[in-house]
> 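The structure follows.
Side chains included, hydrogens not; waters and symmetry mates left out as well; all remaining heavy atoms used. By convention in this document, chain letters (A, B, ...) are assigned in the order of the sequence lines, proteins followed by strands, and residues within each chain are numbered from 1.
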2 protein chains.
Amino acid sequence: MSSSGSPVALAEIGALLGDPARANMLLALIAGRPLTAGELAWSARVTAQTASGHLARLTEAGLLAVERQGRHRYYRLASPLVAQMLEGMQVVASLQSPPRYRPASRIDDALKAGRTCYDHLAGRLGVAIADAMVARGQVVLTGDGGAATPDGEAFLQHFQVEASTRPGQKRCFCRPCLDWSERRPHIAGALGAGLARRCFDLGWIQRVKDSRAVTITQAGRKGLQEAFGIGPDDLVVRPDLPLRKAG
Amino acid sequence: MSSSGSPVALAEIGALLGDPARANMLLALIAGRPLTAGELAWSARVTAQTASGHLARLTEAGLLAVERQGRHRYYRLASPLVAQMLEGMQVVASLQSPPRYRPASRIDDALKAGRTCYDHLAGRLGVAIADAMVARGQVVLTGDGGAATPDGEAFLQHFQVEASTRPGQKRCFCRPCLDWSERRPHIAGALGAGLARRCFDLGWIQRVKDSRAVTITQAGRKGLQEAFGIGPDDLVVRPDLPLRKAG
DNA sequence: CGGACGCTTCGGTCGCGGCCGAAGCGATCC
DNA sequence: GGATCGCTTCGGCCGCGACCGAAGCGTCCG
């Protein structure tokens, strides 16, 4: 009854995300692969009946979409906007007070290692490429923009990246995109998309079925080393924060 | 304990935003003006002692920053990222199930009418400008990019917008930015910033003190009509959704 | 110095909502 | 057909946390 947009609605979304079980379910779905109610119950560490209630609420709120298939029900995020919202919250969450628990991550190490972010690369791989190009003076990234240097344009031509390098057209050529898992920017825009496409075309990376994760092939390791100077060390997924004691 | 980034952290952020009182406080602060604990208590419709507890939690979580000034304590959002996160959630919230209550908004009508979004214009005004330029074939907007047409570049030169129109440099020249109050895109990037700056320089719009809201001057109404063909009707702030019954 | 004011801390009440066991329902398999 | 499986609904328990009254603390004023 008081302030802006829709105070009630915001609180409702917040309350929905405020329960650990529901948060776990949503995070499990952020990878893009539809999951059954049972799988989501497992990943939220609750019984099937509890999960069922949560899923009903999330679906009714429009955050999830559901599809029946035989005796299974497959749930997925209702829209990319939901994924985007979750990533925005993760960014803020990761800025929070220091260490904390450090819940060991598992399946999503694949996503941290490398994934697509719509049409460009993110995760450890995406950030490594961005770092390499910046370090070599091929690309400049600012707070909310970026550009290729003459050196960079030459490299792109040689690397055969297709991205209307003569910009001013169609879409943003180069901009930073904050990476929630690395907490540092990777390259988005036409340049990011062109780089990603070229890596796929060269067979350096492959999509994981039904997921946004990508894996680096043997050829990819060699190629990334030669083209960008990215070595195995640059592709190691580090834990969220350094451990106090070794595990 | 299961999936990605930081499941616990996400749930904590969600729980923080899940309480109507806290959501109201954050929304009251999204305008950018620091508010005292008492003002926030009022806008959340709770007593001072209840508000105090909420504010302590929000501050300790790193969402708010506080500054003592005499016997007052001024609270503000700790970072633009927090505002961004809230706007992202509002976008999702506004996509939710149909009408709902429609809590009458008041003070924030000013924000809906026109505001700055970092360095460019948003709200009804920002969207009206974007619509006008698109309709006149001066600008093309795509899902995540955009560009000026030759006609558009001529207009910008005539309108004396300073924005390294020869792009490829520094920052993204033109991209759409989803407007939570209008639910449609306005123009961001160097072009958006240049347009905003020019409107300020011409005295067409003025910043509201300590707020992101902007007001349109008398000269502005005339100028917007002449330069963009934006009439009074285009600047009317419509209710969140059309009313069922007229009020 | 006393009093008003802004804000926080403490203590106790109470209701919302998460949880699971048991039961119900539909689909699948043999 | 019966057995099994995936999921949902129902009912009851229980704990967390939002709320306010009262009291405490620091600041400003006359």
> Taking the minimum atom-to-atom distance to the side chain of B:R71, which one of C:dG6, D:dG6, D:dC20 wins?
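Selected nucleotide (nearest to the side chain): C:dG6.
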> I want to check a possible cation-pi pair here: B:R207 against B:F200, using under 6.0 Å from ring centre and within 45° of the ring axis as the test.
yes
> If only side-chain N and O atoms of B:T47 are considered, is one of them under 4.0 Å from the OP1 or OP2 phosphate oxygen of D:dC20?
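Indeed, a polar side-chain atom of B:T47 lies that close.
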> For C:dG18, take OP1 and OP2 only and decide whether either is under 4.0 Å from a side-chain N or O of A:R22.
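Affirmative; the distance criterion is met.
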> Can you tell me how far CZ of B:R115 sits from NE2 of B:H186, rounded to the nearest 0.5 angstrom?
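Those atoms lie 7.0 Å apart.
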> Would you mind reading off the distance between A:Y74 atom OH and D:dG6 atom C1', rounded to a whole angstrom?
11 Å
> Check the phosphate of D:dC28 against B:H72, side-chain N and O only, distance under 4.0 Å to OP1 or OP2. Yes or no?
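No, no such contact exists.
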> D:dC19 phosphate, OP1 or OP2: any side-chain N/O from B:T50 under 4.0 angstrom?
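No.
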> Nearest whole Å is fine: how far is C:dC5 P from B:W42 CH2?
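It works out to 20 Å between those atoms.
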> Quick one: A:Y75 OH to D:dG6 P, roughly how many Å, whole number?
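One finds 15 Å between P of D:dG6 and OH of A:Y75, rounded.
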> Give B:A48 one of three labels, base, sugar-phosphate or nothing, depending on what nucleic acid heavy atoms sit under 4.0 Å from its own.
base
> Just the rounded figure in Å: distance from C1' of D:dC20 to CG of B:D19.
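One finds 15 Å between C1' of D:dC20 and CG of B:D19, rounded.
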> Send over the distance from B:E12 CD to D:dG17 P, rounded to a whole Å.
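Atom-to-atom, B:E12 to D:dG17, this comes out as 10 Å.
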> Whole angstrom is fine here: how far is it from CG in A:L16 over to P in C:dG17?
11 Å
> Quick one: is D:dT8 close enough that its OP1 or OP2 comes under 4.0 Å of any side-chain N or O from A:R73?
yes
> Counting only side-chain heavy atoms from C-beta out, which of D:dG17, D:dG6, C:dC20 sits nearest to B:R57?
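Nearest to the side chain of B:R57 among the choices is D:dG17.
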> Find out whether B:I30 and B:L26 are in side-chain contact, i.e. whether some heavy atom of one side chain is under 4.5 Å from a heavy atom of the other.
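Counting from C-beta outward, B:I30 and B:L26 never come under 4.5 Å.
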> Yes or no on salt bridge (Lys or Arg N to Asp or Glu O under 4.0 Å) for A:E39 and A:R76, after CA distance, side-chain angles and deciding distance?
CA-CA 12 Å; A:E39 290 168 325; A:R76 59 183 171 78; over 6 Å; no
> Got a sec: does the CZ of B:R197 have more than 12 other heavy atoms crowding it under 6.0 Å?
no
> For C:dC19, take OP1 and OP2 only and decide whether either is under 4.0 Å from a side-chain N or O of A:H54.
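Yes, A:H54 has a side-chain N/O under 4.0 Å of OP1/OP2 on C:dC19.
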> Counting side-chain heavy atoms from C-beta on, which of C:dG21, C:dT9, D:dC19 comes nearest to A:Q49?
C:dG21
> Rounded to the nearest Å, what distance is computed from the CD atom of residue B:E67 to the P atom of nucleotide D:dT27?
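Between P of D:dT27 and CD of B:E67: 16 Å.
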> Toward the 5' end of DNA chain C, which comes first, A:V46 or A:R68, by nearest nucleotide?
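That would be A:V46.
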> Starting at CG of A:N24 and ending at P of C:dC19, how long is that distance when rounded to a whole Å?
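Answer to the nearest Å: 11 Å.
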